[in-house]
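In what follows, a single structure is set out as structure tokens and then discussed.
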Amino acid sequence: EWSSFGNYTVEIDVLNKEDITYDDIVGSGADVIIISDAWNARGWPGAWEFTDNEISAITQYVNEGHGIIGTSGTLSEYVENNMKLAPLFGIDKDKTGLWNTFEHYFNSEFNIFYSSHPLFYDIGAFYDSGRDSTVLNLELDPSSLGIILAESVDDKAAIINYGNSIYFTHMVEYSESEVDKQVLYN
């Protein structure tokens, strides 16, 4: 199905194990690491709070030039140690994300501030996500060169770019929307 969104082949391999090491990541051959909504409320499957050793391994791999994508609850109060990953995304590690609040629903229409960014290829001037829940309270680290590529019209959700990283504060990967799939593919 990914072939309908562009010319590049996308292969997804899952490295879902405890105590991930740098060698595990290298062995995966990943060009991009995707950390998908890794929050740990109620012990849901797929939820993940990374250890300091795992964070060091991920950081080393990304600092060597590989890409990273993070989404929604990965940086939240349910997995506080994951906030140590925030600098990889240009996000302030001291502004813990708030995930399961009553305010986490947002207007899914986004203002695109950098329409020429490759993330918005084949999107047009308007982006309306198929998902309407987001982690709140994340802010750019003022000492980083991170930028907000797009922000929801109610200023609750954002798509953040810093170097070779992208952070979606919403759950773009869970959407059935074709436009969300295109953004994620890009």
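- Using a 4.5 Å cut-off on side-chain heavy atoms (C-beta onward), Ile166 and His117 make contact.
- By the salt bridge (Lys or Arg N to Asp or Glu O under 4.0 Å) test, Lys84 is found to be paired with Asp52, residues two or more places apart in sequence or in another chain being considered.
- The side-chain contact (heavy atoms from CB on, under 4.5 Å) test applied to Asn111 returns Phe113, Val153, not counting sequence neighbours.
- Among residues two or more places apart in sequence or in another chain, the salt bridge (Lys or Arg N to Asp or Glu O under 4.0 Å) test is passed with Asp24 by Lys17.
- Here the straight-line distance linking atom CG of Asn161 with atom CG of Leu145 works out to 10.5 Å at 0.5 Å rounding.
- The backbone N or O of Val62 sits less than 3.5 Å from a side-chain atom of Asn164, completing a donor-acceptor pair.
- The side-chain hydrogen bond (donor to acceptor under 3.5 Å, both in side chains) search around Ser116 returns none, not counting sequence neighbours.
- Within the 3.5 Å criterion, the main-chain N or O of Gly73 finds a donor-acceptor partner in the side chain of Asp37.
- Residue pairs meeting the salt bridge (Lys or Arg N to Asp or Glu O under 4.0 Å) criterion with at least one member in residues 54-70: none, sequence neighbours excluded.
- Using a 4.5 Å cut-off on side-chain heavy atoms (C-beta onward), Leu88 and Asn63 make contact.
- A donor-acceptor pair under 3.5 Å links the side-chain atoms of Thr169 to the main chain of Ala158, judged by distance alone.
- Residues that satisfy the side-chain hydrogen bond (donor to acceptor under 3.5 Å, both in side chains) test with Thr96, not counting sequence neighbours, are absent from this structure.
- Note that CD of Glu139 and CD1 of Ile91 are 10.5 Å apart. Values are rounded to the nearest 0.5 Å.
- Under the 30°/60° scheme for interplanar angles, the aromatic rings of His170 and Phe106 are found to stand perpendicular.
- In this structure, Ser144 and Phe89 have side chains that are not in contact, with every pair of non-hydrogen atoms separated by 4.5 Å or more.
- Residues Tyr162 and Val32 do not share a hydrophobic cluster, defined by chaining ILVMFWY side chains whose heavy atoms lie under 4.5 Å apart.
- Counting only distance, with no hydrogens or angles, the side chain of Asn82 and the backbone of Glu49 share no donor-acceptor pair below 3.5 Å.
- With contacts defined as side-chain heavy-atom distances shorter than 4.5 Å, the pair Phe168/Val183 qualifies.
- No donor-acceptor pair closer than 3.5 Å links the side chain of Ser175 to the backbone N or O of Val172.
- Tracing side-chain contacts under 4.5 Å through hydrophobic residues (I, L, V, M, F, W, Y), one never reaches Val135 starting from Leu98; they form parts of separate clusters.
- With a 4.5 Å cut-off on side-chain heavy atoms, Phe120 and Pro118 do not count as touching.
- Hydrophobic clustering (ILVMFWY, side-chain heavy atoms < 4.5 Å, transitive): Leu138 and Leu119 are in one cluster.
- Between Ile68 and Ile35 the shortest side-chain heavy-atom distance falls below 4.5 Å.
- For Ser36 against Glu173, the heavy-atom pair with the smallest separation is OG-OE2, 2.6 Å.
- To the nearest 0.5 Å, the span separating NE2 on His66 from OG on Ser28 amounts to 8.0 Å.
- Considering every non-hydrogen atom in both Val179 and Asp128, the closest pair reads CG1-O, 3.3 Å.
- Under the side-chain contact (heavy atoms from CB on, under 4.5 Å) criterion, Glu176 pairs with Lys181, not counting sequence neighbours.
- Applying the salt bridge (Lys or Arg N to Asp or Glu O under 4.0 Å) test to pairs two or more places apart or on separate chains, none has a residue in residues 147-159.
- Of all non-hydrogen atoms in Phe126 and Glu109, the two that sit nearest each other are CZ-CG, 3.7 Å.
- Thr59 places no side-chain N or O within donor-acceptor distance of the main-chain N or O of Ser56, the cut-off being under 3.5 Å.
- Panel note: side chain Thr74, backbone Ala38; a donor-acceptor pair is recorded below 3.5 Å.
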List the steps and the verdict of side-chain contact (heavy atoms from CB on, under 4.5 Å) for Tyr127 and Ile159. CA-CA 11 Å; Tyr127 171 44; Ile159 302 171; 3.7 Å; yes

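- Ring geometry, Tyr22 versus Tyr61: the interplanar angle exceeds 60°, so the pair is classed perpendicular (tilted spans 30 to 60°).
- Using a 4.5 Å cut-off between side-chain heavy atoms of Ile, Leu, Val, Met, Phe, Trp and Tyr, with links allowed through other members, Leu85 and Leu136 fall into different hydrophobic clusters.
- Taking Asp132 as the reference, Tyr105 meet the side-chain contact (heavy atoms from CB on, under 4.5 Å) condition, with sequence neighbours excluded.
- Cluster membership check: Phe110 shares its hydrophobic cluster with Ile148, using side-chain heavy-atom separations under 4.5 Å among Ile, Leu, Val, Met, Phe, Trp and Tyr.
- Judged as a salt bridge (Lys or Arg N to Asp or Glu O under 4.0 Å), and not counting sequence neighbours, Asp94 has no contacts.
- Listed by chain and number, the residues in a side-chain hydrogen bond (donor to acceptor under 3.5 Å, both in side chains) with Asn137 amount to none (sequence neighbours excluded).
- Inter-residue side-chain proximity for Ile25 and Ile20 is flagged as met; some heavy-atom pair is nearer than 4.5 Å.
- When only modelled atom types and interatomic distance are considered, Ser129 and Asp180 share a side-chain donor-acceptor pair under 3.5 Å.
- Between Met83 and Lys95 the shortest heavy-atom distance is CE-O, 3.5 Å.
- For the pair Ser133 and Trp99, the minimum side-chain heavy-atom distance is below 4.5 Å.
- Distance alone, capped at 3.5 Å, is enough to place a donor-acceptor pair between the Tyr167 side chain and the Leu75 backbone.
- Partners of Tyr121 under the side-chain contact (heavy atoms from CB on, under 4.5 Å) rule, at least two apart in sequence or in another chain, are Asn186.
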